[in-house]
Amino acid sequence: MVRLPRVAGAGAVAVALAVLASAPTAGAAAVAEPPPSTLPAPAPAAPLSLVDPHIVRHFDLAGGQTPENIALEPDGSADLTFSFARQVAHVDKRGHVRTIATLPAVADPQTPEIGAAVTTGLARAHDGTLYVGYATGTDASGVWRITPSGEVSRFTDEDLPAGSFVNGLALDERRGVLYAADSHPGKVWRISLDDGSATAWATGPDLERVGFFGANGIKVREGSVWVSNFDRGTLLRIPIEADGSAGPVETRATDLDGIDDFAFAGKGETVLAALNSTSEVAVVRRDGSHTVLLTAADGLSHPTSVAVNRHKVYVPSAAYNTRNDPNLLLARLEEHRPKP
């Protein structure tokens with residue numbers, strides 16, 4: 001999210017609710033090494049592009065329909081959190097919107113940096129259960145659960161403080177845990193799927209905020225947890241140790257201004273990141289470099305997250321600062337491999 005002034009009253013509040021750098025290794029020359037021209041060169045990452053970007057649904061800004069996070073259904077439709085409406089909604093493939101659930105109102109929200117109750121991260125389990133972050137600055141804060149039948153209940157217990165700002169969510173059903181990025185002050189929580197108990201899993205300056213939001217987006221990938229830091233413009237990788245604890249935090253990419261949530265493109269470590277502050281989506285490569293693929297000219301209006309389903313890329317924009325045209329954009333992912 002991106003910061004705007006704290007204001008009271010529905011419809012008046014606005015808010016701002018983030019690969020990789022791997023150093024090449026050099027090997028010593030061997031006596032029987034073949035000539036350099038005959039050595040196989042490392043395969044470069046295939047360049048990616050996002051083509052045919054188009055908006056599949058415009059949302060109602062006055063009604064609080066500011067899409068903050070996204071989870072995809074098996075049929076390619078999307079579930080979204082509407083942050084200021086305190087809702088989770090379903091958008092079908094034709095762009096029709098249906099409210100799934102509305103989280104309970106809070107009489108006097110004390111949400112850090114914002115002052116309004118907002119729904120944030122969203123994660124979908126294989127059985128259709130939805131987990132949604134709710135930031136209020138009160139006892140209602142934490143992670144809430146929505147069952148496939150529509151039952152809504154608070155999932156996390158009192159271990160997760162009222163003053164936390166749960167933002168991005170990532171499920172690891174194999175380990176039976178849910179990871180939550182806490183943007184204020186900046187850490188990662190590990191939440192048991194059995195009983196909702198929360199433990200501070202990863203902490204430290206790399207995750208902390210500088211002035212507004214720290215840890216923001218989050219994903220689980222091949223034995224590691226990846227986290228964006230909004231203030232620092234970084235993408236981080238945290239290994240999951242054999243005992244489930246957090247390994248040392250690695251910075252995998254920098255200079256990603258206003259990075260919000262993100263998604264992996266394909267099976268590797270290439271990332272598509274929503275750059276909220278600049279209304280852009282960038283591809284972040286394994287070497288830590290990045291290239292902007294989509295801009296405001298394509299319809300982005302402070303994008304908040306990214307979801308990928310094979311060759312389809314979904315990007316919600318919340319229009320937190322532009323105050324113009326919150327929407328859901330769809331584009332096609334193309335990989336350009338050189339001809340042999």
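For clarity, every value in this text was computed on a predicted model and none was experimentally measured.
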From [atom1] ([X]) to [atom2] ([Y]), nearest 0.5 Å:
X      : Y      : atom1 : atom2 : result
Asp298 : Ser317 : CG    : OG    : 10.5 Å
Leu80  : Arg57  : CG    : CZ    : 11.0 Å
Phe264 : Thr270 : CZ    : OG1   : 9.5 Å

Do Lys219 and Phe262 meet the cation-pi criteria used here (NZ or CZ under 6.0 Å from the six-membered ring centre, within 45° of the axis)?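 Geometry flag: set, cation within 6.0 Å and 45°.
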Answer yes or no on whether Arg145 is positioned over the face of Tyr131, meaning its NZ or CZ is under 6.0 Å from the six-membered ring centre and within 45° of the axis.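 No, Arg145 does not lie over the aromatic ring of Tyr131.
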Given side chain to side chain donor-acceptor pair (under 3.5 Å), test Asp206 with Asn229 step by step and report yes or no. CA-CA 8 Å; Asp206 290 328; Asn229 186 313; over 6 Å; no
Run Thr119 and Ser83 through side chain to side chain donor-acceptor pair (under 3.5 Å) and show every step you take. CA-CA 4 Å; Thr119 51; Ser83 56; 5.7 Å; no
All side chain to side chain contact (heavy atoms under 4.5 Å, CB included) counterparts of Asn324, not counting sequence neighbours: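 Checked Asn324 against side chain to side chain contact (heavy atoms under 4.5 Å, CB included); matches are Thr322.
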Check the side chains of [Y] and [X] for a donor-acceptor pair under 3.5 angstrom, ignoring hydrogens and angles.
X      : Y      : result
His58  : Asn327 : no
Asp79  : His90  : yes
Asn167 : Ser183 : yes
Thr254 : Arg232 : no

When the ring planes of Phe213 and Phe165 are compared, do they come out parallel, tilted or perpendicular, using 30° and 60° as the limits?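 The rings of Phe213 and Phe165 sit tilted, inter-plane angle from 30° to 60°.
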Mind checking whether Glu334 and Leu50 have side chains closer than 4.5 Å, heavy atoms only?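 Of all side-chain heavy-atom pairs linking Leu50 with Glu334, none is under 4.5 Å.
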Would you call Val152 and Trp144 a side-chain contact if the rule is heavy atoms closer than 4.5 Å?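 Result yes, sub-4.5 Å side-chain heavy-atom pair found.
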Would you mind writing out the side-chain donor-acceptor pairs for residues 185-193 within the sub-3.5 Å range, not counting sequence neighbours?
{"unit_1": "Trp189", "atom_1": "NE1", "unit_2": "Asp182", "atom_2": "OD2", "d": "3.0"}
{"unit_1": "Ser192", "atom_1": "OG", "unit_2": "Asp194", "atom_2": "N", "d": "3.1"}
{"unit_1": "Ser192", "atom_1": "OG", "unit_2": "Asp195", "atom_2": "OD1", "d": "3.3"}

Residues Thr234, Thr251; criterion side chain to side chain donor-acceptor pair (under 3.5 Å); working and verdict: CA-CA 7 Å; Thr234 53; Thr251 299; 5.7 Å; no
Quick check: does any side chain N or O of Arg86 sit under 3.5 Å from a backbone N or O of Tyr134, one acting as donor and the other as acceptor?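 Not a single qualifying donor-acceptor pair exists.
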Run the side chain to side chain donor-acceptor pair (under 3.5 Å) check on Glu280 and Thr278 step by step: do they pass? CA-CA 6 Å; Glu280 296 171 334; Thr278 55; 3.0 Å; yes
